[in-house]
Amino acid sequence: MTRLWSDSSNDTRFTADFFDYAELFVRSNFSFLTGASHPEELVNEAAVLGYRAMAIADECSFSGAVRAHVAAKEQSLKLIVGSFFRVDFAFERDMNLILLCPCREAYAQVSSLITLARRRSEKGQYKVLAKDLDGLLERPLVIWLPTRKTQVNNKQLTFLSKLFKHRLWIGFHRLLQHDDYAHYEHCLALAKQFELPMVAQNKVVMHQVERLPLQHCLTAIKHNKSVQSLGCDLLANGEQHLRSLERLQQLYPEALLQETMKIAKRCDFSLDELRYDYPDEVVPGNTSPIAYLRSLCERGAQQRWPQGVSEKTKKTLEKELNMIAEMRYEHYFLTVYDIVAFAREQGILCQGRGSAANSVVCYCLMITEVDPEQSELLFERFISKERNEPPDIDVDFEHQRREEVIQYIYKKYTRERAALAATVITYKMKSAIRDVGKALGIDLAVVDHLSRSLAWWDKPDRLQEYFKSTHLDAQGLVAQHYYQLVMSILGFPRHLSQHVGGFVITNQPIAQLVPVENASMPDRTVIQWDKYDIEALGLLKVDVLALGMLTMIRKCLQLTAQYSEISSLPDIPKEDPLTYQMLTRGDSVGVFQVESRAQMSMLPRLKPQSFYDLVIEIAIVRPGPIQGDMVHPYLRRREGQETIDYPSEAIKQVLDRTLGVPIFQEQVIQLAMVAANFSGGEADQLRRAMATWGRNGDLYKFRDKLIAGMLANGYEQPYAERVFEQMKGFGSYGFPESHSASFAILAYYSAWLKRHHSAAFYVALLNSQPMGFYSPSQLIQDAQRHGINVAPIDVDYSFWETHLEVTRFDEKPLGDKQQDNNQSIKEPIKAPDTKQRIGSLELLSEADKQLLFNKATLTIRLGLHLVKGFNSDAAYRLVEARKKQSFNNLQDLVQRTELNKQEREALTKANAIPRLARHRYQAQWQVLAVEESRPLFHDYESQSLEPLDDGTQLAPPSDMETMLMDYQTTGLTLNEHPLALLRTSPAVKPCKRANELRHMHQGQFIQVAGVVTCRQRPGTAAGVLFLTLEDETGNMNIIVWRHTVEKFRKAIMGSRLLKIKGTIERERKVVHVVAGYIEDISEQVPQFRRVSRDFH
Amino acid sequence: MWLCVRFALLPLESLWGHSETTPVAVGEQQRLVCCNAMAYQKGVRPGQSVATAYAVADSLQVVERREHLEQQQLKKMALQLYPFSPVLTLWQPDKLLVEIGRSLTLFHGLDPLLSRIRSAVAQHHMTACFGLGPTPKAAELFSYLSLSESYPLWNTEQQAFDNKAFLALVDLIAINLLPLPEKLIDKISATGIKTIGGLRVLSTAALNKRFGRELVLYLQQLTGEHPDVQTCFQPQIEFTQSLEFIDVIHQREALLFPMRRLLEDLIYFLRLYQKSGQLLRWKLRDSYQVASQFDVHLSDAQVDFNRFLELTRLQLDSVNLTGPIEWLELSMPRLVDADIQEQSLFSRSEPFNDELHFVSKIKARLGYSSCLWLVQKNEVIPELSCSLLSDQPSDYSKQRQSQVQSRRGSRSLNVSSSTQQKQSLQASEQNTMMLDGDLLPQQKIRPSWLLPVPQAIGRTPERLNWQGKLRLVSQPERLFHHWWKKPVSRDYYVAQHESGIFYWVFYDQLKQGWFVQGVFS
């Protein structure tokens, strides 16, 4: 063997002085689970190594391009945009190509190819056919990577050299593999044969060789295997990193290195060239955009203020329209208007929020509901010249009907011009622990245990401390690797998901701007950039968001419309005192925005009496006001315990409505404007800096200006300092008044419905899950505590959704309704023995409706949707079969409803067949004997089907088993609560019940026990953890101070049942238990698996 | 009356024996099968992945499971217990069932018998759990309980099991202990039935309909309602016969007379039992009590007295005798059925390229455990890239298919006796130095033979030396791997020896030294 080139470091054929190099094949971690470095890391490393240019060429993707672009601008490194493809030539994915974009047209062509390849495949996959290359790619530069098969290479090059004349290269890499020499010889022969230039490239997948273990891990994750089992499927060495120029000199012939620069010089395209075109069909052909917008606003203003528009509002409207025209945002407003108009036409509840609620234009366009005349708007919060960014209009739609809105957008603008923004799903602590653990071959049980040991507030670097609690040898090699790899992978992109609702709509095909791919949901497409990328390039996005509470309100109104005059939102009376009384009691489970434990504690103290009190209530229980120490002054002033004084009239104007205490973000900005002479735009920049406070300290840039300005205006230094401290407290957690006002509207509606139509309220809540703070189990318990009957899931009565039944309390039977044979229902509120079930609310006659108000009550009948493993199709079949005839026996039920094995097991395990089988064990016994084959003519023969009950009497489940299986199969129980079953056990016997706490006095020692339903540790609470325990009588609020959290951390994190010894802390009617000793009593019911809801 | 002896640590004890000081575990396909007490103390558990075990106990030693050794050990223990009862069953993978009812009189009752059995097991340092029951399945089930629970079921006075007490104990056993498919256990549990008693009160027809015949049959065999015929263990028949001389024999030639006699007996024995073999083992003892032995290997298994004698005579000539012989023994280990011997193993009429058929013949000839599969593993590190398996790899047929397709696939099969496990056998040389248009991505330059352990190469500033001068003749191939347990960082080269032989050498970046690892043919 002869040596073609030197491998010695002493080789000095040419020096680095005149050696320019461009790396043309770099895959970042946006080539998911292949690339092991962030785009920024690659760019920075390339700059450090002295590369002149770098091509980011992720696999069939531009996802990492924007980040690389931003980083390259900072480093003054030339970035070439490209993409790598595995093309189906003769066989699947057998041809490897790198396409580079020398110009805007080439970029559009590659973007279109990515879109084509992705759109025809499932999410995360792509398919490029050889024929796709013909005609579509007239401008990109192409680097072909040879395979190891000579004949295949000949065929591929014959094909490609015709298509890409003068823009095709043979890419050669030298990665210290066994056949580098032969590979080079082969490439050289091909280059001569096809008269093509050769170019060096390094198949880079990491910026430094130290990332090799991580790259191996990513490969293992990709294949869902462990690194130990992958062997030769892993990279054999770490040469696929950005190597030094000296090293490259040693490895490659000079000509191949010089060729990289020839290609780089041909690539002039930058992402800065991308321009956004607004869709133009939202403007009628015979008018200008601003004229059309103005006419819509004027028409809306007449509707909003039939009595006439005030001068102040007219001026604001004019100012807004002028600014919109100046900034050329008309299309944006008209697009949002169009979407909202569609939703309203369809009866889909929607409401705008965010900074849009600061706008008269949005109010007039019916996008928002907050009357600008009744609140202090800050126009600069909405649009600012300095910001030079499109305004942020978020519109919430009913979460169960948002899809209709999305499909409308797709239909109107077509899939070629509308797509959702992506969300880059990145590795967080738990997912990193899980995936890296699996990749290292560590058992899932150990990984899960480790993951559970870590609290959500733990810093990642504490991971090693918890190795011990998982019995891992923290000093061992495996544990050390585990830790380092978890730390490395944190923040790595895992895959693209769809943004919650951010749409990008363009005038030209969107694929020419950014590649589009399929989302996991059917009929959804997403672009390959997320909101930060969009923002970085100044593109426009419309947020179409989902809100569960809007669904709940619509469903509740549909129910109330059946038996009352309340059928739409305007029917709900304003400022109802009974509603405010209920809220003042802290009775707010299920009420929008004020149902959290902190809100519940605040309600009795703030005692809301009006809508504006609700606006304040929503904004005040936020980290901003809490950290800025604004809550107590506000409460004291509200109760007249503290005098209110203002240093100036200007400040009084700003703070008067909140008693001199800044509660809203707008007030902080206004303060800067009136007290320190900030311009509107500067004030908005200040708001943005507050949002990033704690991350980069931008806020301090404004400190001097604020204080100097305030001093110049005659304010005292301490006052100025205090204002700045309050600003810091707000940070990104500050709540704008407009936002709070939007929420307060829904909070009031939901509170009113809870107060006046409780049963309908809970049914609507249950049917709108998942949403809110509380699980169905907690909602049901709250309903029961409000005296509402709840009936169990029953194939004889239940529908798919939970519904209302009417039960009357006289002896006279009503109508043709079915007899209630269910003897096993345990009703928490005992109904009279004479109860008579009328039937579901939907079936009520007018006469029955009348009776409802006299001698009947409403019962919540739980729906089949709560049964785990059941489905709506089966429920539909069941209801249809039941309509024809009630079920004779289990065989009849199974056959007429055509239940498959999973469906019938789900029903039996959930104890949903109480009439036909005495208990769930008996039901299961009978179901096991069901014949799989369906008899012909079963409809006619159902009467003759033999019962499956063979006389076998199985022992019924114990109360404990019943409770456990109820939770396992439906997530709730109407039978005994776990704590009720444990009352006699020595561990729980001395414990007080939740309903006894209100009678206890301040400082009294107490023991309580309960199911952990919520753990909350606000970042502002100095390490304090708020636990909620539930027993058979209600919820208990536990405060755990920081040192106690650390001391009993294992029990707190791992337990489902806790016993707590502590002292009573009460403030009027609000009672807390301050924990001193915490004990895990899960072993009392080891099988009990109920997960708490944890909040930051 | 059945006694079940369950060897809970068989995979470990058949490989490693007892170790009190080192945490040791046995792994199979990256998962632990069992571990010793020391490892257990450190948190290692059977069922864990090997990586988890290392994460828990960094000092752990994991050895690869060798099922054929377990089977050998189980058979060995069966032989140890054979004297206590001729009715003995190997219950795979780790139990022996011994019918001891008929041995009670001989051993003077249950206690002495149990004591003798325990001693026999303990002598071989095996960890065992015992269960006693009237049926094989009952004994097997009770081996998961303490012996003190099943022992009282035997009524010594009446020499019978107390049936009522037996059924009462059976009824108490949780169903998840039953050796039935997990799905079936889940199905039963869903009806609230928790114990065998809960099942036994139900009608056979009802059980049959819901849970199938398997459960019903098991229950019936458990309680003795249905016969449970066991295949008895048959110890391998071996010929061993000796002669002790009143007058010692001084002449080598004179030894041939008693040898003739023993060989005649052997021929008679082989014909009687229709057996044959390929090894004659002679043991001798001289008047100074010095023992010696020599083996006569036979190229085939034909039973031929003259051949036996001739080969023995030839072998005897080279044996160094230290004194007059007073005792002589002939044995023939590893006997096989004679009919197998009638055909030549390498008969040309056979489809010799049919490897599976070939393996079957080898197994038939030499026994199951003496035939091992050499399997190439998906490993980058050369010394880890092959291993021996006692059974056909599950993906063998797929492997074969792809090999046939590739035409240049390596042979994953090789035959080796268990005592000659040469890890150095590399499947085949794959020379990819030339691009011939049909290369496989995974084919690499690899030598035919790997040394069992890489040998260090001496180095002077000018050159490498290993039994002569070495000259590097290739570009480096870099390997960086196995960072998760024992990092390997090497640059491989082909080196030409001054003798012309090509070696596979590497520079170890971590040890900073040169090594030779293989030889190209």
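Model, not experiment: these values are computed from the prediction. Any value given below was found using the heavy atoms of this structure, including those in side chains, with hydrogens, waters and symmetry copies removed. Throughout, a chain's letter reflects where its sequence line sits, starting with A, and its residues are numbered from 1.
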**OP:** Could you tell me which of A:Leu954, A:Val227, A:Leu212, A:Asn153 has the largest number of non-hydrogen atom pairs under 4.5 Å with chain B?
**Re:** A:Val227
Original post:
So which of A:His481, A:Gln475, A:Met965 has the largest heavy-atom pair count under 4.5 angstrom toward chain B?
Top reply: A:His481
Out of curiosity, [X] [atom1] to [Y] [atom2], how far, rounded to the nearest 0.5 Å?
X: B:His482; Y: A:Leu234; atom1: NE2; atom2: CG; result: 9.0 Å
X: B:Ser474; Y: A:Asp180; atom1: OG; atom2: CG; result: 10.5 Å
X: B:Ile193; Y: A:Trp925; atom1: CD1; atom2: CH2; result: 5.5 Å
X: A:Gln484; Y: B:Trp483; atom1: CD; atom2: CH2; result: 10.0 Å
X: B:Asp491; Y: A:Asn237; atom1: CG; atom2: CG; result: 8.5 Å

Are any side-chain N or O atoms of [X] and backbone N or O atoms of [Y], one a donor and one an acceptor, separated by less than 3.5 Å?
X: A:His471; Y: B:Val56; value: no
X: B:Thr191; Y: A:Gln924; value: no
X: A:Asp473; Y: B:Ala55; value: no

Original post:
Between B:Lys194 and A:Glu961, is there a side-chain N and carboxylate O pair less than 4.0 Å apart?
Top reply: yes
Original post:
Any ion pair linking B:Arg31 and A:Asp443 (charged N to carboxylate O, less than 4.0 Å)?
Top reply: yes
Indicate the atoms forming the closest heavy-atom contact of [X] with [Y], along with that distance.
X: B:Pro476; Y: A:Arg174; value: CD-NH2, 4.2 Å
X: A:Ala929; Y: B:Arg210; value: CB-NH2, 3.3 Å
X: A:Gln228; Y: B:Ala51; value: NE2-CB, 3.5 Å

Measure distances from [X] to the heavy atoms of chain B and classify the residue's part below 4.5 Å as side chain, backbone, both or neither.
X: A:Gln177; answer: backbone
X: A:Leu175; answer: neither
X: A:Thr908; answer: neither
X: A:Pro213; answer: both
X: A:Val446; answer: side chain
X: A:Glu239; answer: side chain

Original post:
For B:Gln48, is it the side chain, the backbone, both or neither that has a heavy atom under 4.5 Å from a heavy atom of chain A?
Top reply: both
Original post:
What part of B:Tyr492 gets closer than 4.5 Å to chain A, counting heavy atoms only: side chain, backbone, both or neither?
Top reply: neither
Original post:
How are the rings of A:His216 and B:Trp484 set to each other: parallel, tilted or perpendicular (split at 30° and 60°)?
Top reply: perpendicular
Kindly check if the number of other-residue, nucleotide or ligand heavy atoms within 6.0 Å of [atom1] ([X]) is above 12?
X: A:Lys868; atom1: NZ; value: yes
X: A:Gln902; atom1: CD; value: no
X: A:Lys225; atom1: NZ; value: no

Original post:
Checking side-chain contact (heavy atoms from CB on, under 4.5 Å) against B:Thr52, which of A:Val447, A:Leu440, A:Ile442 comes through?
Top reply: A:Ile442
Subject >> Worked verdict on B:Lys187 versus A:Leu928 for side-chain contact (heavy atoms from CB on, under 4.5 Å) >> reply: CA-CA 9 Å; B:Lys187 210 168 165 184; A:Leu928 283 174; 3.4 Å; yes
